[in-house]
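Only one structure is covered here, and it is reproduced in the block below.
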Amino acid sequence: MTVNRMLPAALAALLAAGACAAGSGTPSGTPAATPAATPAAAQAPASAATPLSISDPWVKTARSGMSAAFATLVNTTGEEVTVVAASTPVSPSVELHEVVGDGGATTMRRKQGGVVIPAGGRHVLQPGGDHIMLMNVRTAIEPGAEVPFTLTLKDGRTVSFTAVAKDFAGANESYAPHE
């Protein structure tokens, strides 16, 4: 099954969930979003149920092996939000990672405690820094593919978004899984 074939079902589920959670109106001065007006890889809006918005999400192309996803996580609440896990149907093993340097060499490793986004703040997931690591990619991630992701927060809530696949030659740090 390709990512592009899974996307319509994932988007339908997200739209249905959003319709149920959206309630009967929009905040004053905020135009109502329509599925046709909202690109799949656009920012995922925050609501009372989802305290994060996701902007500029993208994922590194890969035929197999490892890949990584990047975005800006924006906390729209007055309290700290912690992302403790991530998942995607294209990989059975997904971890939150950080890149650390020691003596001029960089190594990526699992980010202990998750990714913390301060109240009203943002946290950038980027090559050479914190990122979402996909291991054992089982479905090729082709340029332009739209890949669904789900973030799990410390309080158990989830936030879903779609990332566009892009070719990227960087982000080839070594992996130290036991550090």
Side-chain angles (χ1 to χ4, degrees), residues 10-11 13-35 37-60 67-89 91 93-102 106-135 146-164 166 168 170-171 173 176-177 179:
L11 284 176
L14 287 173
L15 290 172
C20 292
S24 60
T26 61
S28 176
T30 304
T34 62
T38 306
Q43 178 172 324
S47 69
T50 56
L52 289 180
S53 66
I54 314 298
S55 62
D56 303 320
W58 65 281
V59 60
K60 183 178 174 182
S67 181
F70 311 98
T72 299
L73 310 177
V74 181
N75 180 346
T76 60
T77 74
E79 297 182 12
E80 181 177 271
V81 172
T82 303
V83 177
V84 296
S87 63
T88 179
S91 175
S93 181
V94 179
E95 296 179 355
L96 301 173
H97 275 198
E98 65 184 346
V99 175
V100 294
D102 185 24
T106 59
T107 302
M108 67 176 149
R109 65 181 180 203
R110 185 179 283 223
K111 188 162 179 71
Q112 298 301 318
V115 174
V116 178
I117 304 97
R122 63 184 53 231
H123 189 90
V124 178
L125 303 177
Q126 63 188 355
D130 292 351
H131 57 278
I132 300 169
M133 191 74 210
L134 288 67
M135 295 170 285
E146 296 179 339
V147 181
F149 284 86
T150 300
L151 302 178
T152 302
L153 308 181
K154 187 176 182 179
D155 65 8
R157 290 184 286 180
T158 60
V159 177
S160 296
F161 66 95
T162 300
V164 174
K166 298 180 182 182
F168 182 71
E173 299 85 3
E179 289 186 20

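Classification of the F149-F161 ring pair by plane angle, with boundaries at 30° and 60°, yields parallel.
A search for side-chain contact (heavy atoms from CB on, under 4.5 Å) contacts involving S67 returns V59, K60, A62, L134, V137, I141, not counting sequence neighbours. Annotation: side-chain contact (heavy atoms from CB on, under 4.5 Å) contacts of K154 (sequence neighbours excluded): T82, V84. Here A71 pairs with I54, P57 under the side-chain contact (heavy atoms from CB on, under 4.5 Å) rule; sequence neighbours left out. For T77, the side chain to side chain donor-acceptor pair (under 3.5 Å) partners two or more places apart in sequence, or in a different chain, are N75. With sequence neighbours left out, the side chain to side chain donor-acceptor pair (under 3.5 Å) criterion links S93 to no other residue.
Side-chain N or O atoms of T158 include none that pairs as donor or acceptor with a backbone N or O of T152 at under 3.5 Å. H123 places no side-chain N or O within donor-acceptor distance of the main-chain N or O of G121, the cut-off being under 3.5 Å.
Between atom CD of residue E146 and atom CH2 of residue W58 there is a gap of 16.0 Å, rounded to the nearest 0.5 Å. Distance check: E98 CD to R110 CZ gives 11.5 Å after rounding to the nearest 0.5 Å. Remark: H131 NE2 to F70 CZ distance equals 6.0 Å, nearest 0.5 Å. Considering CD of E95 and CE of M108, their distance stands at 9.5 Å, rounded to 0.5 Å. Rounded to the nearest 0.5 angstrom, L125 CG and L96 CG are separated by 8.0 Å.
Of all heavy-atom pairs between S53 and T76, the closest is OG-CG2, 4.3 Å.
Residue pairs meeting the salt bridge (Lys or Arg N to Asp or Glu O under 4.0 Å) criterion with at least one partner in residues 119-135, sequence neighbours excluded, are K111-D130.
A 4.5 Å side-chain heavy-atom check between L153 and V81 finds at least one atom pair inside the cut-off. Contact annotation: the side chain of E80 approaches that of V116 to within less than 4.5 Å [non-hydrogen atoms, C-beta and beyond]. The side-chain heavy atoms of R109 and V100, taken from C-beta on, include a pair separated by under 4.5 Å. When side chains are defined from C-beta on, L73 does not count as touching V124, because their heavy atoms never get closer than 4.5 Å.
Side-chain contact, T150 with S160: a donor N or O sits under 3.5 Å from an acceptor N or O.
Of the candidates V147, I132, T162, V147 is the only one forming a side chain to side chain contact (heavy atoms under 4.5 Å, CB included) with T88.
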